[in-house]
*Asks:* 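I have a structure here, written as structure tokens, and I will follow up with some questions on it.
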There are 2 protein chains.
Amino acid sequence: MLENDRSRSATHQSYAVLRDRILNGELPGGTKIVEEKIASELGFSRTPIRESIRKLEYEGLIINKRVVKPTEKDLRNNFQMRILLEGYAAQCAASFLREQDLQALYECVEIGRKGTNEEIMDANERFHEIIVRASNNAVMIDTIDRMQSLIYLFRKTVVLNQRPHLIDEHEQIYEAIKARNGEKAADLMKSHLQADLDFCLHIIG
Amino acid sequence: MLENDRSRSATHQSYAVLRDRILNGELPGGTKIVEEKIASELGFSRTPIRESIRKLEYEGLIINKRVVKPTEKDLRNNFQMRILLEGYAAQCAASFLREQDLQALYECVEIGRKGTNEEIMDANERFHEIIVRASNNAVMIDTIDRMQSLIYLFRKTVVLNQRPHLIDEHEQIYEAIKARNGEKAADLMKSHLQADLDFCLHIIG
DNA sequence: TTTTTAATTTTTGTATACATTTTTAATAAA
DNA sequence: TTTATTAAAAATGTATACAAAAATTAAAAA
């Protein structure tokens with residue numbers, strides 16, 4: 001651990017706490033966020049709280065001083081973006097991914113089959129992250145990163161654990177990238193994300 | 001005019017002024033941004049200035065307390081995103097754009113041929129905006145919007161006025177959308193943006 | 001001269017107080 | 001009862017002061 005919380009700024013600390021509370025449902029969608037209230041609760045002044053709220057607004061987790069309540073349409077919008085961007089990233093991965101990253105990708109698949117629930121969750125995230133990085137496009141990486149929290153939030157409310165075939169699909173994508181077949185990798189990634197979206201939508205029915 | 005400047009918040013005013021100064025080159029890339037200095041210059045306290053600086057950081061116009069100096073790679077990254085997103089938006093436009101918007105689109109082409117330089121610039125922006133809106137995806141609209149300022153900044157430094165064929169390409173895109181040919185519209189939009197990027201890159205050599 | 005170290009200055013981070021705006025509640029009119 | 005109007009309160013926006021951190025400069029050592 002490089003830095004403990006005391007060493008970080010009040011802004012950073014309060015941001016991390018607030019974000020956490022929103023993502024784990026402690027501050028459910030629709031909750032009014034009042035600067036003074038949060039400030040006294042966390043033991044900081046309003047100034048750093050204000051700043052972390054702005055950050056969360058930027059991330060889409062707070063809108064109009066309330067915790068966001070993502071709609072089905074928000075979910076669709078975010079996934080549509082991911083389909084476009086990660087489809088492209090998968091194509092890049094097929095062309096440019098190094099042996100080392102390819103191996104890391106395979107490890108994610110393996111953990112997906114054998115790991116504990118927590119490990120699986122992490123490995124799935126990492127799988128996508130490796131591919132997104134292969135785009136070598138900082139704007140893209142950043143954009144997808146920002147979208148994650150909203151998607152995560154939605155997932156939480158859906159209590160999504162494990163979708164059937166998810167790991168199989170990851171493995172197919174991995175195989176296409178390994179075979180340097182960019183078009184196939186992109187197509188597989190797109191349908192993988194589409195299936196993910198459909199599963200989410202199905203559950204909230 | 002719905003509100004004059006005095007009616008807007010200090011944060012909004014200072015944000016608008018700073019953004020303007022960055023985009024028009026008054027604050028060139030690399031300029032150190034010091035809160036206190038800007039504050040006394042604009043006649044506000046540091047508090048609203050801080051906030052507007054954060055906003056500009058989110059927008060990518062300020063990095064590390066300095067005005068951004070976009071690199072060739074930044075330009076490529078932004079355009080690659082636009083190619084993906086606006087290509088998709090053009091496809092949506094072909095399927096869903098209403099007669100009214102279609103007409104507005106055509107007006108942009110007409111102004112592109114007959115208008116003054118300023119009118120042409122505006123019309124070109126509007127052309128893309130109408131199509132992006134057709135995606136009906138708030139996340140996408142927002143993302144593209146944020147990317148505009150950096151692209152604009154780059155353009156400014158390149159002193160880009162009018163690229164050959166730009167309006168012809170717009171017209172072709174318009175025709176494809178009017179003919180409800182989504183695939184063609186998407187392809188044309190992609191090559192249009194690619195040509196735009198190439199032109200920028202060519203000028204900066 | 002170059003490199004370190006310490007001192008100084010500048011700049012940012014945070015707390016607090018007050019002003020302005022927005023929201024809520026209460027009262028009066030329809 | 002519903003709708004307007006106004007008074008109260010709550011919350012946000014802004015200014016200012018001070019503390020902490022970062023950057024700069026000056027002095028000392030290599």
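Hydrogens, waters and symmetry mates are skipped; everything else that's a heavy atom, side chains included, is used.
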*Asks:* Quick one: Lys65(B) NZ to dA23(D) C1', roughly how many Å, whole number?
*Replies:* 11 Å
*Asks:* Using a distance-only test with no angle check, is there a side-chain donor-acceptor pair under 3.5 angstrom linking Tyr58(A) and Glu57(B)?
*Replies:* no
*Asks:* Round to a whole Å and report the spacing from CZ of Phe44(B) to C1' of dT20(C).
*Replies:* 15 Å
*Asks:* Is it true that a side-chain atom of Gln13(B) and a backbone atom of Arg8(B) form a donor plus acceptor pair closer than 3.5 Å?
*Replies:* yes
*Asks:* Check DNA chain D for consecutive Watson-Crick or G-U pairs with both distances under 3.5 Å and list the runs of at least three as stems.
*Replies:* C:1-30 with D:1-30
*Asks:* Taking only residues two or more places apart in sequence or in another chain, which ones pass ring-ring contact (aromatic ring centres under 6.0 Å, His included) with Tyr88(A)?
*Replies:* none
*Asks:* Scan the side chains in residues 96-114 of chain A for donor-acceptor partners under 3.5 Å anywhere in the protein, sequence neighbours excluded, and list what turns up.
*Replies:*
unit_1	atom_1	unit_2	atom_2	d
Arg113(A)	NH1	Asp168(A)	OD1	3.2
Arg113(A)	NH2	Asp168(A)	OD1	3.1
Arg113(A)	NH2	Glu171(A)	OE1	2.5

*Asks:* Going by number, which of residues 27-37 of chain B have a non-hydrogen atom under 4.0 Å from DNA chain D?
*Replies:* none
*Asks:* Check the phosphate of dT14(C) against Thr11(A), side-chain N and O only, distance under 4.0 Å to OP1 or OP2. Yes or no?
*Replies:* yes
*Asks:* Please determine if Glu129(A) and Arg133(A) form a salt bridge, counting it only when a charged side-chain N lies under 4.0 Å from a carboxylate O.
*Replies:* yes
*Asks:* Residues two or more places apart in sequence or in another chain: which of them pass side chain to side chain contact (heavy atoms under 4.5 Å, CB included) with Lys73(B)?
*Replies:* Asn136(A), Thr71(B), Asn77(B)
*Asks:* Is the closest basic N to carboxylate O distance between Arg76(A) and Glu72(A) below 4.0 Å?
*Replies:* yes
*Asks:* Return the orientation label for the His128(B) and His170(B) ring planes: parallel under 30°, perpendicular over 60°, tilted otherwise.
*Replies:* perpendicular
*Asks:* Name the one of Glu41(A), Glu35(A), Glu51(A) that satisfies salt bridge (charged side-chain N to carboxylate O under 4.0 Å, His left out) with Arg46(A)?
*Replies:* Glu35(A)
*Asks:* Output the residues of residues 48-61 of chain B in contact with DNA chain C, where contact means a heavy atom of the residue under 4.0 Å from an atom of the strand; sort by number or write none.
*Replies:* Arg50(B), Arg54(B)
*Asks:* Arg66(A) has an atom CZ; how far is it from atom P of dA11(D), in whole Å?
*Replies:* 11 Å
*Asks:* Could you tell me how far apart Arg46(B) (CZ) and dA20(D) (C1') are, to the nearest whole angstrom?
*Replies:* 12 Å
*Asks:* Calculate the interatomic distance between Ile38(B) atom CD1 and dT12(C) atom C1'; express it in whole Å.
*Replies:* 14 Å
*Asks:* Answer yes or no: is there a donor N or O on one side and an acceptor on the other, between the side chain of Asp196(B) and the main chain of His192(B), under 3.5 Å?
*Replies:* no
*Asks:* Measure NE2/His12(B) against P/dG13(D) and give the value in whole Å, please.
*Replies:* 13 Å
*Asks:* Measuring to OP1 and OP2 of dT14(C), would you say a side-chain N or O of Ser45(A) lies under 4.0 angstrom away?
*Replies:* no
*Asks:* Could you state the interatomic distance from CD1 (Ile38(B)) to CD (Glu36(B)), rounded to the nearest 0.5 Å?
*Replies:* 10.5 Å
